[in-house]
Amino acid sequence: MTQPIRLVVRRTSDVSLPVEVSTRIPSVLDAVHESVEILARHAFAGLTPTPECERLRNKLKTLLCESLANAIVYGHHEDPTKFVGVRIEVDTTMVRVHVTDTGDGFDPAAIRPPLDPADLDRETGRGLLMIHKLADSVSFNPQGNSICMTLRRP
Amino acid sequence: MTQPIRLVVRRTSDVSLPVEVSTRIPSVLDAVHESVEILARHAFAGLTPTPECERLRNKLKTLLCESLANAIVYGHHEDPTKFVGVRIEVDTTMVRVHVTDTGDGFDPAAIRPPLDPADLDRETGRGLLMIHKLADSVSFNPQGNSICMTLRRP
Amino acid sequence: MGFTATKDKGGVMVVQVDGQLIVGNRQELKQLVQEALDHSERKFLVDFSKAGYIDSSGLGALVSISKKVREQGGELRLSGLNEDLRSLFELTKLDTLFSISDSTKQALAAF
Amino acid sequence: MGFTATKDKGGVMVVQVDGQLIVGNRQELKQLVQEALDHSERKFLVDFSKAGYIDSSGLGALVSISKKVREQGGELRLSGLNEDLRSLFELTKLDTLFSISDSTKQALAAF
Ligand SMILES: Nc1ncnc2c1ncn2[C@@H]1O[C@H](COP(=O)(O)OP(=O)(O)O)[C@@H](O)[C@H]1O
Ligand SMILES: Nc1ncnc2c1ncn2[C@@H]1O[C@H](COP(=O)(O)OP(=O)(O)O)[C@@H](O)[C@H]1O
């Protein structure tokens, strides 16, 4: 990633109050993992790096990577002039992530992950599965182009 | 501080490339120390917290506190509707801080810190002294309402 | 970040994943294995002991590789998955598709 | 964050600074000492062993307190400064104005 990303942090110094980190990411798959690294770092800046916090950070990274990749590929067809909106809220009880694209959306109820033995050879379709298994709750807007994922904090 | 502050972080995930953190702080003395805490946290997010890094962070905090307090008191007469601009750049060699107010400025060459034994009883005048002693270089814009302070990274 | 391939004395191609297996580098891994297949290699071990992250398209790449190796009558094993990565295979049920060993040593002994 | 004042058996008012002495709380410290002076206290120890930060107006507050205590014929000592804080007193030459001890114990013994 050569272009720096620009993120906006809204917070007080009081760690018991919510922190909000938001940014817009160009629809380039190569930028996803580095953007996610930065987002996770700033969302958790100020938290003591306990092992639980590290696990939470890893989960957050997976949620972000998978939802961003979907927004970029299916929502924006990798058009680098289109931006994916990301907003992360962290408070003492939970971490909530919103990822929004400007595409047509989809019907999440129609998606079947490849969990049957006969389907295990399928190369795709595991992104939403990972999101559903890792997040404590997942919801979509009616259009299906904005996903909201919540992780409970231990 | 009840109002959250909003800061903008510009960076890549590559720690060898510059990070830029900027914000605007309302001219309220009570908000200074908490804002500084947050700024220092995000400017250094991603650095390994070595003892050297901690010392650098403490120096950065002092530079920010003293220059912000001056901008708020002398530049803006504590008018909460006026904002002080802060920009921090961090790269592998240095940390640079710009603090800018919208006041009339002053002539830094005319300031004498209370270092003579007879002056030690003076209650004020030690902010710029601390800045000059801790920073590796200090400069002002011609108007004297914008200070630029640089710390070398060890 | 990348892959290191070495051939062990038992004739196994050991591919070490360095850092992560993700959308940005999975193609490289697929190519590396395809070329080895073209050069008649048939035993493959992908080792993750230096990897911390696999995304869903990385998993997809492994599925694709495993198919290709099987089609050529070859054998593919995985090793060195940390706790987080192993749980990824469990939640996607891919632990039932792959032969997974704790260490490279155990994996090599199993060929 | 704040100040805790206790009177030691030797009659010394020990004021513990909790966290920091800055523009936002220096007034509180000045008041606390002024009230003690009004109640005829004359020996003061300000302890920083639980403090990590003093800004220039905090230093100004200490200078102001030290003047007032001296005017009443009293005595003020400081203790428990960490390395960073001590260097602050050195670079402002205020180490020559104040009596600084390493520990509360040493400071109390010196009254
Ligand atoms: N943001 C999105 N916009 C449109 N379609 C989406 C979006 N996210 C997911 N999808 C649909 O859901 C399907 C399953 O996604 P996923 O589980 O991540 O697997 P994969 O990306 O490997 O196909 C995709 O193939 C796509 O049709
Ligand atoms: N941003 C500013 N705008 C106008 N005057 C300033 C500014 N910063 C500093 N000064 C002037 O420099 C003097 C010295 O400042 P400083 O060393 O911080 O000590 P103090 O704030 O205790 O007076 C101030 O009294 C003020 O006159």
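Lettering of chains follows the sequences in order, A, B, ..., and the numbering in each one begins at 1.
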Side chain A/Glu66, main chain C/Ser56, donor-acceptor under 3.5 Å: yes
Heavy-atom side-chain proximity of A/His33 to C/Asp55 below 4.5 angstrom: yes
Chain A contact via C/Ile54 - which portion, at a heavy-atom distance below 4.5 Å: backbone
Atom NZ of C/Lys50: over 12 foreign heavy atoms under 6.0 Å: no
Flag if over 12 foreign heavy atoms under 6.0 Å of CG, A/Asp107: yes
Under 4.5 Å from any heavy atom of chain A - which part of C/Arg70: side chain
Trace of the side chain to side chain contact (heavy atoms under 4.5 Å, CB included) decision for A/Val32 with C/Ile22: CA-CA 10 Å; A/Val32 166; C/Ile22 55 174; over 6 Å; no
Heavy-atom side-chain proximity of C/Leu59 to A/Glu123 below 4.5 angstrom: no
A/Arg6 CZ: over 12 foreign heavy atoms closer than 6.0 Å: no
Value rounded to 0.5 Å, distance of CG in A/Leu120 from OG1 in C/Thr92: 8.0 Å
Interatomic spacing from CG in C/Leu97 to CG in A/Asp119 - rounded to 0.5 Å: 11.5 Å
Region of C/Lys93 that comes under 4.5 Å of a non-hydrogen atom in chain A: both
Any side-chain heavy-atom pair of C/Val63 and A/Arg122 under 4.5 Å: no
Interface residue of largest heavy-atom contact number with chain C, from A/Thr62, A/Leu134, A/Leu129, under 4.5 Å: A/Thr62
Heavy atoms from other residues, nucleotides or ligands near NZ of A/Lys61 exceed 12 (cutoff 6.0 Å): yes
Heavy atoms from other residues, nucleotides or ligands near CZ of A/Arg10 exceed 12 (cutoff 6.0 Å): no
Which atoms of C/Asp84 approach chain A - backbone, side chain, both or neither, heavy atom under 4.5 Å: side chain
